[in-house]
Amino acid sequence: MSRGIADQRIDEMALGRYLEAHVDGFEGLRRLVKFQAGQSNPTYRIDAASGTYVLRTKPPGTLLKSAHQVDREFKVMRALAGTAVPVPVALHLASDRDSPFGRMFFVMDYCDGRIFWDPALPEIDDPAERAAIYDAMNTALAALHDLDTQALGLEDFGRPGNYFERQLTRWSEQYRHSKVDQIDDMETLAAWLADNLPPDDGAASLVHGDYRLDNIIFEKARPAILAILDWELSTLGHPLADLAYQCMQWRLPNLGAFKGLGNVDRAALGIPSEADYVRRYRERRGLGEIDHWPFYLAFSFFRLAAILQGVYKRSLDGNASNPEKAAIYGRNVPVLAGLAVELIRKEA
């Protein structure tokens, strides 16, 4: 068993035999290496005689309802193959029952490119290249929201009705189930969101659910997207949820555990303003002015805070993918809630 994954209880010999039997062309598992970046579903690089692959699995232990649905990730990536939205090639899905280590997982191609962990892009020297990277993200997001979900076979990928009402209920419940300490700003935020739900305007599309810079692999030689990752939270929903979630990064500080753009000189770096980013998205999709923008932003803060609270709770329960980072994220839940309360008091 490879160093660093003993706690995940993956028998490499059994896994290798399974993959040779179920993945076309797979041969000779040599090494399994856990990526340290993810917090939700443990993810591994597989080095084999036949090439390099990626395995993504549910974490061990008791899980929150509707969380860690790697089968949804697999389904949506299969559906998106060949569209204007680039994704890794999804090769095989193993059920809990069939898995050689007792947990559902899928295997996909390894995409060898660049991942940028800091939205300020300090490793890029040219402001024009930074601008092109953000424009590529904007283009891909608009393309995602313009896809015909029925033609993709994803018409049953979400429930009908007011998306934000359903999402607010879901994440409020998730937060309550993973709550450890009283955070007054989270209670204030949840109550404000419930009282200020926009009317359902009927807009619906496939949404990624966690659309941000570090979930995208870029080509090595140019600012073009090679693949979009981490589709665990994808569903049929309101496209502005994705847009606001990404724009939340413009409001977060670039400090400590947060990698945002709130205190960054974006103009000097070639990074568009939030208003410009939204405008370009609207132009690409032929949309008018966006009403209720403070609600969409505040909801994004609340949802992220609820997600991080769940990660923190899993660290206390002993089944977080990266316990050290999980503890840090847990301490930042009150910070996110405070930023959101400040936002609604200032802009709403």
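One-based numbering along the sequence shown.
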Test item: [X] and [Y] side chains (from C-beta on) under 4.5 Å apart, heavy atoms:
X	Y	result
F101	D11	no
F295	W192	yes
E232	N41	yes
L121	L269	no
P88	L229	yes
R45	T52	yes
S172	F302	yes
K75	L154	yes

| message | Check this for me: Q150, atom CD, are more than 12 non-hydrogen atoms of other residues, nucleotides or ligands nearer than 6.0 Å? | response | no
May I ask you to check whether over 12 heavy atoms, not counting those of Y245, lie within 6.0 Å of atom OH? yes
Look up atom [atom1] in [X] and atom [atom2] in [Y], then write down how far apart they are to the nearest 0.5 Å.
X	Y	atom1	atom2	answer
I344	T188	CD1	OG1	7.5 Å
L206	L144	CG	CG	5.0 Å
L152	T83	CG	OG1	6.5 Å
L240	D201	CG	CG	7.0 Å
F74	M108	CZ	CE	11.0 Å
L193	F164	CG	CZ	10.0 Å

So the salt bridge (charged side-chain N to carboxylate O under 4.0 Å, His left out) pairs with at least one residue in residues 185-200 (sequence neighbours excluded) are K179-E187
The complete set of salt bridge (charged side-chain N to carboxylate O under 4.0 Å, His left out) pairs with one or both residues in residues 128-146, sequence neighbours excluded, reads R114-E129, D135-R284, D146-R285
### Pair listing, side chain to side chain donor-acceptor pair (under 3.5 Å) test, anchored in residues 293-303, at least two apart
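Listed by first then second residue: E274-W293.
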- Message: Under the side chain to side chain donor-acceptor pair (under 3.5 Å) definition, can you give me all pairs with a residue in residues 258-270, not counting sequence neighbours?
- Response: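 As it turns out, there is no side chain to side chain donor-acceptor pair (under 3.5 Å) pair with a partner in residues 258-270 once direct neighbours are skipped.
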Partner of D230 under side-chain hydrogen bond (donor to acceptor under 3.5 Å, both in side chains), picked from H208, R56, R212, is R56
If hydrophobic clusters are built from ILVMFWY residues whose side chains come within less than 4.5 Å, do L255 and L336 share one?
no
Is there a continuous path of hydrophobic side-chain contacts, each under 4.5 Å between heavy atoms, that joins L197 to M186?
yes
- Item | E219: side chain to side chain donor-acceptor pair (under 3.5 Å) partners, not counting sequence neighbours |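 So E219 forms a side chain to side chain donor-acceptor pair (under 3.5 Å) with R222.
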**Asked** Parallel, tilted or perpendicular: which fits the ring planes of W250 and Y277, with parallel below 30° and perpendicular above 60°?
**Response** tilted
Give the ring-plane orientation class for F116 versus F218, where under 30° counts as parallel, over 60° as perpendicular and anything between as tilted.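 Ring orientation, 0 to 90° scale: tilted.
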Which pairs would a plain distance check flag for residues 17-28, meaning a side-chain donor or acceptor within less than 3.5 Å of a matching protein atom at least two apart in sequence or in another chain?
unit_1	atom_1	unit_2	atom_2	d
Y18	OH	H92	NE2	2.7
E20	OE2	G28	N	2.9
H22	ND1	Y18	O	2.9

For side-chain contact (heavy atoms from CB on, under 4.5 Å), just list the numbers for R103 and I10, CA-CA rounded to whole Å, side-chain angles, deciding distance to a tenth of an Å, and then say yes or no. CA-CA 10 Å; R103 286 180 278 129; I10 294 181; 4.1 Å; yes
Worksheet entry | side-chain contact (heavy atoms from CB on, under 4.5 Å) between M137 and Y281, intermediate numbers included | CA-CA 10 Å; M137 285 195 294; Y281 171 88; over 6 Å; no
Please walk me through it: do H292 and N196 pass side-chain contact (heavy atoms from CB on, under 4.5 Å)?
-> CA-CA 9 Å; H292 311 291; N196 289 272; over 6 Å; no
query: Do you know which two heavy atoms are closest between D276 and P272, and how far apart they sit?
result: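 Heavy atoms only, the tightest pair is CB-CB, 4.2 Å.
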